[in-house]
Q: 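First, the structure itself, so that you have it in front of you.
Quick note on labels: first sequence line is chain A, next is B, and so on, each numbered from 1.
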Amino acid sequence: MGPTRMTDIEQETRAGAREEYDAIAVQERWLSVWDELAPFRSSDPGDERPKRYVLDMFPYPSGDLHMGHAEAYALGDVIARYWVQRGYNVMHPIGWDAFGLPAEGAAIKRGVDPRDWTYANIDQQRASMRHYACSFDWDRVLYTCDPGYYRWNQWLFLRLYERGLAYRKPSQVNWCPYDQTVLANEQVVGGRCERCDTPVTKKKLTQWYFKITEYADRLLEDMTQLEGAWPEKVLTMQRNWIGRSTGADVSFVIEGRDEPVTIYTTRPDTLFGATFFVVAADSDLAAELVAEAPGEVRERFASYLAQVQGTSEIDRLSSERPKTGVFLQRYAINPVNGERLPIYVSDYVLADYGHGAIMGVPAHDQRDLDFARAFGLAVRVVVDTGEPDPAETGVATTGDGVLVNSGELDGLRKAEAIERITQLLAARGLGRPAVTYRLRDWLISRQRYWGTPIPIVHCPSCGEVPVPDDALPVRLPRVEGLDLTPKGSSPLGAAQEWVNVACPRCAGPARRDPDTMDTFVDSSWYYLRFCSPGREDVPFDAEAVRTWLPVDQYVGGVTHAILHLLYSRFVTKVLHDLGYLDFTEPFTRLLNQGMVIMNGSAMSKSRGNLVRLSDELSAHGVDAVRLSMVFAGPPEDDIDWADVSPAGSARFLGRAWRLAGEVASPVGADPSTGDLELRKLTHRAVQDTAVAVEAFRFNVAVAKIMELVNATRKVVDTGAGPADPAVREAVEAVAVMLSLMAPYTAEEMWARLGHAPSVARAGWPALDEALLVRESVTCVVQVAGKVRDRLEVPPGIDEDELRTQALASAAVQRALDGRGVRTVIVRAPRLVNVVPV
RNA sequence: GCGGGAGUGGUGGAACGGUAGACACGCCAGACUUAGGAUCUGGUGCCUCACGGCGUAGGGGUUCGACUCCCCUCUCCCGCACCA
C-alpha cells in the first residue's frame with residue numbers, strides 16, 4: 001500500500017547532497033536568451049492573441065533605479081506576465097519622462113549638457129530594467145525630450161489653441177522663488193513647490209493656460225466609468241480637487257460705480273444677514289474701487305496689498321491667522337433690503353475663485369464672523385438654528401433652521417429659502433443659480449530651458465501667431481552659450497538666433513514665445529504614443545490606438561492621484577472631442593502601489609536610512625528582491641524594508657529550484673497516473689493563484705505557490721517520491737506561476753525540467769475541473785456559536801443528514817450538558833450551529 | 001476644521017457574515033554536521049498541568065453566528081485646507 005518509502009541510504013544521499021542555488025550566477029545566462037527570444041514583443045504582424053495593454057507610469061531619469069521603481073515594476077510585471085501566460089498579446093511598454101528641472105540643475109552645477117545627462121541616465125536605467133527582468137516590449141520605447149516626441153506636444157498645443165482651449169492671460173500665479181518659475185495649482189503642495197519644497201509666493205504674470213475648467217463637469221461625471229476600477233481614494237481626491245459647488249450669483253449695486261458687481265454664494269438664503277462686503281485685495285476690482293477712494297485709504301490699501309503679496313502661501317494657509325483688511329470707505333447696496341454695506345478688501349477672499357468678491361454674513365459663516373469681530377461689524381442672525389447667538393459665542397451657525405429677519409423669507413427652512421430667494425432674484429434680474437469649481441485652469445508655461453518650446457510666435461503686427469504644423473518641431477536651441485541659471489525669465493529668450501524669427505503670417509520680424517511647457521503636458525498623452533512610437537507623420541496611429549487603447553491596467557504611485565491622472569483624463573477628452581479618439585477615459589483600471597520605506601519613514605540620504613537597490617540586488621539576487629516586493633503585503637500598502645526578508649525569499653526560491661532538479665519522471669509524463677492528492681493540491685493552487693493575481697492580492701498568490709512547494713516537498717521525501725508524474729505536474733505549475741515574480745528562477749526550473757526557454761511563454765497550467773472537486777470537507781459543529789466538533793463529510797451531504805450527524809456528536813452532547821435544543825442552523829456542508837434553549 | 005482610510009500574534013500579513021491568525025519573518029527544540037548565518041523536521045496568539053477559558057483598539061447593537069454590518073469613543077495614517 002501507499003507510496004514507496006525511500007531507503008535510508010537514498011534519504012541520506014539526498015539530504016547530504018542538497019544543492020546550493022546560486023541565484024546571482026544564474027542571472028547572466030538568461031539575459032541574452034531573452035534578448036533573442038523577445039518573449040514580450042507585442043507588435044508581430046498577424047499575432048492572433050487577444051490584446052491587453054498594461055502600463056507602468058514611466059520614470060523620470062534622475063540617476064539609477066531605486067527601491068520605489070523596483071516595487072512598482074515588480075507589481076506591473078506580475079500583471080503583464082500573468083496575462084501573457086493566459087494567452088494574451090500584452091503591450092507593456094516603457095519610456096522616459098525626460099524633460100524637467102533636474103537635468104538643468106546638473107547642467108548648471110556641473111556644466112554638462114542636459115541632453116547628455118538625461119540620455120546617460122536613461123541608458124543606465126534601461127540597463128537596470130533589463131537586469132531586473134522587466135517584461136517590457138523593447139520595441140516600444142519613447143523619450144519625451146526627443147524632438148520626435150515633443151513635436152507632438154506642440155501639435156497638441158496647437159489643436160488646443162485652435163479650439164480656444166490654450167490661451168494666455170495675466171493673473172496672480174504661483175511662483176517658486178527657488179526654481180524661478182511659475183507652477184500650476186496642482187504643483188503647489190501645502191503652500192510649497194511640489195519639486196523643491198520651497199514656499200511658494202504669488203506673482204502677477206501673463207502665462208499660458210489649458211482650459212481644463214471647461215471640462216470640469218465631464219471630469220466629474222465620467223468618474224462613474226472608473227468607479228470600482230480605480231482606488232476610491234483617487235476618485236475622492238479628484239472630486240475634491242475639482243470642487244464643484246452650487247449656489248447663486250447675486251448682483252450688488254456699488255455706490256459711485258455704473259456697473260453692479262456680482263458675487264457668488266452657496267448660501268443665498270442668508271442674503272438678509274449680510275452686514276458687509278469684501279473684495280479680494282489682489283483683484284482688479286479692488287484696484288478699481290480704491291482708485292476713487294480718499295488718498296489716505298489709497299495709501300493704506302497700497303501698503304496692505306504689498307504686505308499681502310509678500311506673504312508666502314505657507315503663512316496664508318495657517319488657519320489661526322487673524323483676519324486683516326482695509327475699509328475702502330465705499331458701499332454696496334444689498335439688493336434685497338437696500339442696506340448700505342461697507343466695502344472692505346481682504347486677503348481672505350480669493351481673487352480667482354467665484355468673482356473675487358463676497359457678501360459678508362458673519363452669523364452664518366465662520367470666516368465672515370472672524371472678520372466682523374476683528375472690525376467691529378454687526379452680526380445679524382437670519383437662520384434660527386436653535387444654537388447660541390454667534391455674536392456672543394464667536395461660533396457661526398451653519399446648520400438648518402428657520403429664516404428670521406429676512407422679509408418674505410421668514411418662516412421658511414434653509415433649503416426652501418435657498419430655492420425661493422434664487423427664484424426671486426432671477427425674476428428681478430438680480431441673480432441666478434450658479435455653479436463654481438475649485439479647479440483652476442492648468443498653467444502650462446515654464447520659464448525654463450529643458451522642456452517643449454511653446455509653438456507660438458509673437459509678432460508686433462499680427463499678435464500671437466501659431467507655428468504652422470509643417471514647421472514643427474520647434475526644436476530647442478543648443479545649450480551652448482545659454483545661461484541656464486534661474487532668473488525668472490526663460491533662458492530661451494537669450495538665444496538670439498533662435499528667438500528672432502520671421503512671423504509665419506506677415507514674414508516681418510517677430511519673436512518666438514520663450515517659455516517651455518510643463519512636463520505634465522508630455523505625460524498627458526504618452527500612453528497613446530506607445531501604440532506607434534516610430535511614426536513621424538502622426539502623433540499616434542489611429543488604427544493602432546483603436547486596437548490597444550484604452551489602457552487596461554495602469555500601475556503607479558498615488559503621488560499622481562491628481563496631477564498626471566487629471567491632466568491625462570482631460571487631454572483624452574479633448575482628443576475625443578477633436579475626433580481622434582473614440583473613448584473618453586484613458587485608464588480603465590488603476591493600481592496605486594505604496595512606497596518602500598525604511599524603519600518607519602521615507603528613505604532619504606539625510607535620514608541615513610537609504611537602502612540602495614543595487615546593494616539589495618547583489619546581496620540577494622533579482623528574483624528574491626522582486627519576490628519580497630510582491631510578498632510583503634497588499635500592493636497599495638507601504639513596504640517597510642526593515643520588515644521584509646529578501647533572504648527568506650531567496651531560501652524559498654532555492655527550495656523551489658531544488659524540487660525541479662529532483663523531478664524524476666520524463667517530460668510529458670502523463671499526470672493522470674500520478675498521486676491524486678498532490679494533483680488536487682496543484683490544481684487548486686493554480687486556481688487560487690489566478691484568482692489572487694486578478695484581484696491584485698499578489699502576496700496571497702505567493703502564499704499559494706509556497707503551499708504547493710511545501711506539499712510537493714513532502715510528497716517527494718515521504719510520499720509518492722520524485723518519479724511520480726504528479727510531482728512533475730506540480731513543479732511545472734510552480735515554475736510557470738513563479739515566472740510572474742521570479743523570472744530567472746522560473747527559467748532555471750523550466751530548463752531543469754527539460755523544457756526549452758522561455759517559461760514566460762509556457763502558458764498558464766490548464767485546470768482540470770474534476771480535480772477541484774473535493775470528496776470530503778470539514779464541517780464545523782458549533783454549540784451556541786462556539787466550535788465544539790469537526791466532522792469530515794461529503795460535500796453533497798444533505799441538511800437533514802448533517803443535522804443528525806452533528807447532534808450525534810459526543811462533543812456536542814457534552815457541550816449541551818443536558819440543555820434542550822432550540823434550533824439547529826445548518827449550512828451544508830460547512831457548518832452546523834446548535835442553539836440550546 | 002472638512003473629506004477618506006485603517007487599527008488582527010513578537011513582526012509583515014491571511015480570513016464569500018460561518019474553523020481567526022493562511023503564508024512568511026523571527027524565535028525555540030531537534031536532525032545532519034569539524035562548523036553553520038546552509039539544509040531538513042517539529043513547535044510557536046494569551047492564560048491553564050490539564051479540562052477548559054479568553055482573544056481581531058475600547059464600548060454598545062443587529063444576528064443562530066461579527067475581524068467582517070450599524071452606532072458611539074479612542075488612536076494612527078493620508079488628502080484638502082480661508083474655495084464664500
Q: Applying a 4.0 Å non-hydrogen cut-off, can you work out what A:V644 is touching in the nucleic acid: base, sugar-phosphate, or nothing?
A: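 Answer is nothing: A:V644 stays at 4.0 Å or more from every strand.
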Q: For A:Y437, answer base if it contacts any base atom (sugar-phosphate contacts may also be present), sugar-phosphate if it contacts only those atoms, and nothing otherwise; contact means non-hydrogen atoms under 4.0 Å.
A: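 It contacts nothing in the nucleic acid.
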Q: Nearest to the side chain of A:L831 - B:rU19, B:rG18, B:rG26?
A: B:rG18
Q: Under 4.0 Å, counting only non-hydrogen atoms across every strand here, what does A:R788 touch: a base, just sugar-phosphate, or nothing?
A: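 Sugar-phosphate contact only - A:R788 comes under 4.0 Å of backbone atoms but never of a base.
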Q: Identify the nucleotide, in any strand shown, that forms a Watson-Crick or G-U wobble pair with B:rG10, with both distances under 3.5 Å; if there is none, say none.
A: B:rC25
Q: Please tell me whether A:E616 and A:W641 have a donor and an acceptor in their side chains that are separated by less than 3.5 angstrom.
A: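 Side-chain D/A pair, A:E616 to A:W641: present.
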Q: From the options B:rG4, B:rA84, B:rC64, select the nucleotide whose nearest atom is closest to the side chain of A:Y264.
A: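 Nearest nucleotide to the side chain: B:rA84.
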Q: Looking only at the side chain of A:R658 (C-beta and beyond, no hydrogens), which of the listed nucleotides B:rC40, B:rA84, B:rG13 gets closest?
A: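 The listed nucleotide nearest to A:R658's side chain is B:rC40.
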Q: Pairing check on B:rA38: which nucleotide meets the Watson-Crick or G-U wobble criteria with it, both distances under 3.5 Å?
A: none
Q: For the residue pair A:M741 and A:V630, what are the closest heavy atoms and their distance?
A: CG-CG1, 4.0 Å
Q: Can you check whether A:S245 has a side-chain N or O nearer than 4.0 Å to OP1 or OP2 of B:rA84?
A: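 So the side chain of A:S245 is within the cut-off, an N or O lying under 4.0 Å from OP1 or OP2 of B:rA84.
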Q: Which whole-number value in Å describes the distance from A:L439 CG to B:rC80 P?
A: 14 Å
Q: Nearest to the side chain of A:R655, heavy atoms from C-beta on, is which of B:rG13, B:rA84, B:rC40?
A: B:rC40
Q: A:V700 side chain: which of B:rC78, B:rA84, B:rA14 is closest?
A: B:rA14
Q: Tell me which of A:V834 and A:G648 sits closer to the 5' end of RNA chain B, going by the nucleotide each one is nearest to.
A: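 Result of the comparison: A:G648.
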Q: Hey, does A:Q782 reach any base, or is it just sugar-phosphate, or nothing, if we go heavy atoms under 4.0 Å?
A: base
Q: Output the rounded distance in Å from CG (A:D688) to C1' (B:rA15).
A: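 Nearest whole value for this atom pair: 13 Å.
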Q: When you get a sec, tell me which of B:rA84, B:rU19, B:rU39 is the closest nucleotide to the side chain of A:T265?
A: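 My answer, after comparing the listed nucleotides, is B:rA84.
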Q: Quickly work out the A:E636 CD to B:rC78 P distance and round it to whole Å.
A: 17 Å
Q: Checking all strands, does A:S346 fall into the base, sugar-phosphate, or nothing category for heavy-atom contacts under 4.0 angstrom?
A: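 No contact.
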Q: Starting the side chain at C-beta, find the nucleotide from B:rU19, B:rC64, B:rA24 nearest to A:N833.
A: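 Of B:rU19, B:rC64, B:rA24, B:rC64 is nearest to the side chain of A:N833.
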Q: Which part of the nucleic acid, if any, lies within reach of A:R830 when heavy atoms closer than 4.0 Å are counted: base, sugar-phosphate only, or nothing?
A: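 Nothing, no heavy atom under 4.0 Å.
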Q: Mapping A:R827 and A:S645 onto RNA chain B by nearest heavy atom, which one lands closer to the 5' end?
A: A:R827
Q: With a non-hydrogen cut-off below 4.0 angstrom, is A:D352 in contact with a base, only sugar-phosphate, or nothing?
A: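 Nothing: the residue A:D352, judged by heavy atoms under 4.0 Å, touches no strand.
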Q: Would you say A:N710 reaches B:rA22's phosphate, i.e. side-chain N/O to OP1/OP2 under 4.0 Å?
A: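 No, A:N710 has no side-chain N/O under 4.0 Å of OP1/OP2 on B:rA22.
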Q: So does A:R651 get a side-chain nitrogen or oxygen closer than 4.0 Å to the phosphate oxygens (OP1/OP2) of B:rC25?
A: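 Yes, because at least one side-chain N or O of A:R651 sits under 4.0 Å from OP1 or OP2 of B:rC25.
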Q: Please give the nucleotide sitting opposite B:rG3 as a Watson-Crick or G-U wobble pair, both distances under 3.5 Å, or none.
A: B:rC78
Q: When we call it a touch if two heavy atoms are under 4.0 Å apart, what does A:R790 touch: a base, just sugar-phosphate, or nothing?
A: base
Q: The side chain of A:N699 is closest to which nucleotide in this list: B:rG13, B:rU19, B:rC64?
A: B:rG13
Q: In whole angstroms, how far is the C1' atom of B:rA84 from the CG atom of A:L271?
A: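 Going from CG in A:L271 over to C1' in B:rA84 covers 13 Å.
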Q: Tell me: CE of A:M595 to C1' of B:rG79, nearest whole Å?
A: 13 Å
Q: Where the side chain of A:R814 is concerned, which of B:rC25, B:rG52, B:rG18 is the nearest nucleotide?
A: B:rG52
Q: What's the base orientation of B:rG9: syn (chi within 90° of 0) or anti?
A: syn
Q: Pick out which of A:T270, A:T397, A:T385, A:D269 makes a side-chain hydrogen bond (donor to acceptor under 3.5 Å, both in side chains) with A:H364.
A: A:T397
Q: Assess whether a salt bridge exists between A:D365 and A:R267, defined as any Lys/Arg side-chain N lying under 4.0 Å from an Asp/Glu carboxylate O.
A: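 Salt bridge: no.
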Q: Which atoms form the tightest heavy-atom contact between A:L566 and A:I242, and what is the distance?
A: CD1-CD1, 4.3 Å
Q: Measure from CG on A:N240 to P on B:rG4 and round the result to the nearest Å.
A: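 One finds 9 Å between P of B:rG4 and CG of A:N240, rounded.
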Q: Are A:R697 and B:rA15 close enough that a side-chain N or O sits under 4.0 Å from OP1 or OP2?
A: yes
Q: Hey, does A:D643 reach any base, or is it just sugar-phosphate, or nothing, if we go heavy atoms under 4.0 Å?
A: sugar-phosphate
Q: Is the Lys NZ or Arg CZ of A:K323 less than 6.0 Å from the centre of A:Y348's six-membered ring, within 45° of the axis?
A: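 Because its charged atom sits under 6.0 Å from the ring centre and within 45° of the axis, A:K323 does stack over A:Y348.
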Q: Could you check how far CD1 of A:I562 sits from P of B:rA81, rounded to whole Å?
A: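 About 8 Å, once rounded to whole Å.
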Q: Give me the atom names and distance for the closest heavy-atom approach of A:S283 to A:V279.
A: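 Reported closest heavy-atom pair: OG-CG1, 3.3 Å.
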Q: Please report the C-alpha distance between A:R626 and A:D623 in whole Å, then the side-chain angles of each, then the deciding distance to 0.1 Å, and finally whether the salt bridge (charged side-chain N to carboxylate O under 4.0 Å, His left out) criterion is met.
A: CA-CA 5 Å; A:R626 290 176 54 127; A:D623 282 352; 5.1 Å; no
Q: Answer with base, sugar-phosphate or nothing: what part of the nucleic acid does A:K786 contact at a heavy-atom distance below 4.0 Å?
A: sugar-phosphate
Q: For the side chain of A:F631, counting heavy atoms from C-beta on, which of B:rC23, B:rC78, B:rU19 is nearest?
A: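 Selected nucleotide: B:rC23.
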